[in-house]
K.L.:
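Starting off with a structure, shown below.
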Amino acid sequence: MRVLLTGHQGYLGTVMAPVLEAAGHEVVGLDSGLFADHVLGPAPVDPAGHRVDLRDVTAEHVAGVDAVIHLAALSNDPLGSLAPELTYDINHHASVRLARLARDAGVRRFLYASTCSVYGAAGGDELVAEDAPLRPVTPYAESKVRVEDDLHALADADFSPVYMRNATAFGFSPRLRADIVLNNLVGHALLSGEVLVLSDGTPWRPLVHAADIAEAFGAALTAPQEAVHDRAFNIGSEINNVTVAEIAEQVAEAVEGSKVVITGETGADPRSYRVDFSRFRAAVPGFDCAWTVKRGALELADAYRAHGLTREAFERSHTRLAVLRAATESGAVDDTLRWRR
């Protein structure tokens, strides 16, 4: 297929593009480039694509495309809360506009990167399936719920949206995110000797490796329409439903000489949920996640050492909020987070 991959220069897109290309697809990228130069290790080879703000996408960008994989977004909770109106403008309104343009251009499949954060305040130890109530607690998660609702209204026999509710990602990418829990704890352990947990460690977190996300999207891309049409899927593996304290213990084992420090200063995070991932395995037989939290912690520790992770690089990729603030202050982007032409 000819696939438009939005966010191809982001954390997940940088991992996903070569997976899609290896499967024989022609990948066309679309990204604002905001984090394109934030690379740890050798620079990735990106597919050809468009440097454009998601809000400025036109019919030309989706012309001749068979499928769209839509990853691009303002993509964490602190960033989403920096200016919630921008989160809704980019993550919600621009995403739905892209889908309408794609449908009108004859694109048949639209894979949307949603999130298990839509379950937000689910609580309890029971596994949460796709039909569970959605209880988002942040603008980021709320924007994902709104997009799913609007894409459902666009679905028809010729346009198949699929809602890929990814668990919290982990794993190495050349365009690193160190704000996500496992990546953050491994980096902090290597740089300070402490696996620093600010919550009380009790919240449940479902995790999934970036490479497993890429493989899942590739599987959904070619699955029979009747298996995935207008359906939501949790993406991850039950074995990676872990508490934050359990994640910290795995990190301490992976980073020799480090110790777990749970301060509890932020208390119990209301975002706590364990997730049932069986629906996607049933819809796409043969797919399963390959990565465990333990294996991911070891991979990250090795990659950080191999690429000479520094405190400066870690802090830069740790908080995208700071990156965007610095970009705005420097004049690289204006106050609506648009790249200056």
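Since this is a predicted model, take the numbers as computed values, not measurements.
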K.L.:
Mind checking whether Leu71 and Tyr140 sit in one hydrophobic cluster, side chains of I, L, V, M, F, W, Y counted as touching below 4.5 Å?
P.N.:
no
K.L.:
Can a side-chain donor-acceptor contact be found between Tyr119 and Arg165 if the only test is distance below 3.5 angstrom?
P.N.:
yes
K.L.:
Is any side-chain heavy atom of Pro206 less than 4.5 Å from a side-chain heavy atom of Glu238?
P.N.:
no
K.L.:
Could you pull out all residues at least two apart from His229 that satisfy ring pair (Phe, Tyr, Trp, His ring centres under 6.0 Å)?
P.N.:
none
K.L.:
Using a strict 4.0 Å threshold on nitrogen-to-oxygen distance, state whether Arg175 and Asp46 make a salt bridge.
P.N.:
yes
K.L.:
Assess whether atom CG of Leu198 is packed by more than 12 heavy atoms of other residues, nucleotides or ligands within 6.0 Å.
P.N.:
yes
K.L.:
Should the pair Asp302-Arg305 be classified as a salt bridge under the 4.0 Å nitrogen-to-oxygen rule?
P.N.:
yes
K.L.:
Exactly one of Phe217, Phe287, Tyr163 should register a ring-ring contact (aromatic ring centres under 6.0 Å, His included) with Phe280. Which one does?
P.N.:
Phe287
K.L.:
Check the angle between the aromatic planes of Phe35 and His38 and answer parallel, tilted or perpendicular using the 30° and 60° thresholds.
P.N.:
perpendicular
K.L.:
Looking at residues at least two apart in the chain, or sitting in another chain, which of them share a side-chain hydrogen bond (donor to acceptor under 3.5 Å, both in side chains) with Asn241?
P.N.:
none
K.L.:
Decide salt bridge (charged side-chain N to carboxylate O under 4.0 Å, His left out) for Asp31 and Arg51; before the verdict, give the C-alpha distance in whole Å, the side-chain angles of both, and the deciding distance to 0.1 Å.
P.N.:
CA-CA 5 Å; Asp31 201 294; Arg51 175 164 286 199; over 6 Å; no
K.L.:
side-chain contact (heavy atoms from CB on, under 4.5 Å) for Leu86 and Arg55? Distances and angles first, verdict last.
P.N.:
CA-CA 11 Å; Leu86 291 178; Arg55 294 164 292 179; 4.1 Å; yes
K.L.:
Identify whether Val195 and Leu191 are in the same connected component of the hydrophobic contact network (ILVMFWY, side-chain heavy atoms under 4.5 Å).
P.N.:
yes
K.L.:
So if I apply the side-chain contact (heavy atoms from CB on, under 4.5 Å) rule between Phe110 and each of Leu4, Ile69, Leu98, Val62, which one comes out positive?
P.N.:
Leu98
K.L.:
For Glu60, check side-chain hydrogen bond (donor to acceptor under 3.5 Å, both in side chains) against everything at least two apart and list the hits.
P.N.:
none
K.L.:
Can you see whether Tyr11 engages Asp179 through a side-chain donor-acceptor pair at a distance of less than 3.5 angstrom?
P.N.:
no
K.L.:
With sequence neighbours left out, write down each residue that passes side-chain hydrogen bond (donor to acceptor under 3.5 Å, both in side chains) with Thr58, or none if nothing qualifies.
P.N.:
His61
K.L.:
Do any pairs count as a side chain to side chain donor-acceptor pair (under 3.5 Å) and have a residue in residues 188-199, sequence neighbours left out, and if so which ones?
P.N.:
His188-Ser192
K.L.:
Between Lys144 and Ala73, what is the shortest heavy-atom contact and its length?
P.N.:
NZ-CB, 4.1 Å
K.L.:
Could you go step by step and tell me if Thr168 and Cys116 meet the side-chain contact (heavy atoms from CB on, under 4.5 Å) rule?
P.N.:
CA-CA 7 Å; Thr168 298; Cys116 286; over 6 Å; no
K.L.:
Carefully, step by step, assess Leu207 and Trp291 under the rule side-chain contact (heavy atoms from CB on, under 4.5 Å).
P.N.:
CA-CA 10 Å; Leu207 303 187; Trp291 287 81; over 6 Å; no
K.L.:
Heavy atoms, side chains only, cut-off 4.5 Å: are Val261 and Lys259 in contact?
P.N.:
yes
K.L.:
Is Val137 reachable from Val275 through a run of I, L, V, M, F, W or Y residues, each pair having side-chain heavy atoms under 4.5 Å apart?
P.N.:
no
K.L.:
With the 4.5 Å side-chain cut-off for hydrophobic clustering, are Val15 and Leu176 part of the same group?
P.N.:
no
K.L.:
On the 0 to 90° scale, with breaks at 30° and 60°, tag the Phe170-His209 ring pair as parallel, tilted or perpendicular.
P.N.:
perpendicular
K.L.:
With sequence neighbours excluded, what pairs up with Trp204 under the side-chain hydrogen bond (donor to acceptor under 3.5 Å, both in side chains) test?
P.N.:
Asp125
